[in-house]
Amino acid sequence: MTSYSKSKTLFSRAQQSIPGGVNSPVRAFNSVGGTPVFFKSAKGAYLYDEDNNKYIDFINSWGPMILGHANPKVVEAVKKQAEKSFSFGAPTELEIELAELIISMVPGLEMIRMVNSGTEACMSAIRLARGYTGKNKIIKFAGNYHGHADSFLIKAGSGAITLGTPNSPGVTPGTAADTLLANYNDFESVKTIVNDNINEIAAIILEPVAGNMGCIPPVEGFLENLRKLCDQHGILLIFDEVMTGFRLAPGGAQELFGVQADLITFGKVIGGGMPVGAFGGKRKIFEHLAPNGPVYQAGTLSGNPLAMVSGIATLSELKNNPEIYKNIANTTEKIEIGLREVFHNRQFPYQINRLGSMISVHFTENPVIDFESAQKGDVPQFKSFFHGMLDHGVYLPPSAYESWFIGNAISNDDVNHTIEVADRITVNWKY
Ligand SMILES: *Cc1c(COP(=O)(O)O)cnc(C)c1O
């Protein structure tokens with residue numbers, strides 16, 4: 001039996017001083033039960049917890065550790081910068097370097113502003129969209145996550161799907177009224193909302209490949225149709241590429257699908273594990289942002305040199321070695337094929353969605369294409385799967401609503417081990 005005794009002790013202690021014992025809710029294992037694992041170090045594909053258990057990491061800090069943990073080039077860059085100061089609150093050449101690097105990788109990008117998280121990036125992007133268009137409402141999709149700013153913590157109301165209600169106490173009905181909800185992969189639902197709110201919508205924001213209800217790729221034509229609709233109505237299209245950026249391709253989902261958004265938000269991979277986010281787009285839109293324009297946005301630690309060097313080292317590695325993308329997609333495909341074989345042999349219903357190095361498993365017989373179908377997954381079965389894998393050294397996201405993120409350090413042996421474990425833990429499941 002794997003021992004989690006130190007993690008258990010730490011979790012009890014954490015709950016005394018930190019709400020729920022964690023600094024971000026999904027870490028608390030509420031969806032799967034049990035005690036969150038407390039980590040002390042990681043190298044390459046492996047995590048080591050406080051009880052000295054070793055795990056293959058399929059979260060990779062929710063994406064940022066795409067090169068593997070403690071990549072020597074990234075570590076060296078951060079060490080060197082640490083001796084020269086962590087932060088000036090004043091401009092540095094490093095910020096230009098990262099901005100230029102990102103612009104060289106992402107199609108259509110002309111300007112970019114650094115922030116400290118994906119939440120900040122998305123919050124700032126919709127403010128800029130509103131300031132630029134002079135309109136107030138935004139459309140988001142049920143099951144897409146854009147961070148925890150008020151405007152995004154909106155769920156479908158009990159009546160019409162389009163009318164949002166606050167998803168959390170503390171979000172005002174006034175704020176909720178400006179966020180309209182559509183169904184992912186359902187272009188008609190978007191058209192209806194746009195037609196009911198002519199000249200009121202500033203932006204449509206979406207994850208071009210959803211990763212926060214498991215992995216859900218867009219159906220054919222979905223992104224293209226949104227692009228056309230936005231052009232017809234003077235609405236800005238915002239791709240939230242916090243997950244997909246620098247992961248699906250050097251230029252993210254825009255490159256992969258050949259569809260360009262007006263504003264793009266980044267996070268996760270962009271900082272290589274440091275707290276970095278960014279939002280970018282066309283120059284004519286960014287002229288409206290402070291200090292050049294009236295739309296205000298700021299940050300004391302935005303673009304701080306420590307974060308910049310980590311981002312530069314990570315993105316340079318990705319840009320200079322495009323075979324990394326082939327490698328992580330191949331690794332993920334092997335995981336998909338292996339799991340399909342295991343689940344097929346066990347004869348229980350399952351869905352595996354995958355695009356490139358994003359993959360997720362839902363235990364349901366229906367295809368998972370939107371939030372409603374994602375909710376049909378068998379929760380107890382996912383819990384058993386998660387804990388079985390965990391006890392055998394495979395660290396998966398502790399929720400069926402999260403995509404797995406495959407990193408470049410994961411080897412064939414790691415994949416084989418993972419499939420063997422899946423086979424072993426499901427052998428006695430009864431259906
Ligand atoms: C993680 C995530 C965010 C929020 O980023 P934080 O850095 O956690 O604030 C926003 N959008 C998407 C698509 C994400 O996956």
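Note that ligands are numbered from 1 as they come in the structure, with each ligand's atoms numbered from 1 the same way. None of these values were measured; they are calculated from a predicted model.
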With a cut-off of 4.0 Å, which atoms of ligand 1 are near a heavy atom of [X]?
{"X": "Gly118", "result": "4 (C), 5 (O), 6 (P), 7 (O), 9 (O)"}
{"X": "Gly147", "result": "3 (C), 4 (C), 10 (C)"}
{"X": "Ser117", "result": "7 (O), 9 (O)"}
{"X": "Glu207", "result": "13 (C)"}

Check this for me: does any side-chain nitrogen of one of [X] and [Y] sit under 4.0 Å from a carboxylate oxygen of the other?
{"X": "Arg227", "Y": "Asp262", "answer": "yes"}
{"X": "Glu287", "Y": "Arg283", "answer": "no"}
{"X": "Glu200", "Y": "Lys137", "answer": "yes"}

What do we get for [X] next to ligand 1 when only non-hydrogen atoms under 4.0 Å count, side chain, backbone, both or neither?
{"X": "Lys268", "answer": "side chain"}
{"X": "His146", "answer": "backbone"}
{"X": "Asn144", "answer": "neither"}
{"X": "Thr119", "answer": "both"}

### Query
Would you call the rings of His387 and Phe29 parallel, tilted or perpendicular, where under 30° means parallel and over 60° means perpendicular?
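Rings of His387 and Phe29: perpendicular, as their planes differ by over 60°.
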### Query
Angle class for the Phe141/Phe222 ring planes (parallel below 30°, perpendicular above 60°, tilted otherwise)?
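Because their plane-to-plane angle is over 60°, the rings of Phe141 and Phe222 count as perpendicular.
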### Query
Has ligand 1 got any nitrogen or oxygen that is less than 3.5 angstrom from a nitrogen or oxygen of Asp240?
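Yes - when backbone and side-chain N and O of Asp240 are compared with those of ligand 1, one distance drops under 3.5 Å.
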### Min N/O separation Met243 to ligand 1 under 3.5 Å
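Between Met243 and ligand 1, no N or O pair is found under 3.5 Å apart.
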### Query
Between Tyr46 and Lys54, is there a cation-pi geometry (under 6.0 Å to ring centre, at most 45° from the normal)?
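Verdict for Tyr46: a cation-pi partner in Lys54.
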### Message
Any heavy-atom pair between the side chains of Gln297 and Leu128 that's under 4.5 Å?
### Response
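The answer is no, as the side chains (C-beta and beyond) never meet within the 4.5 Å cut-off.
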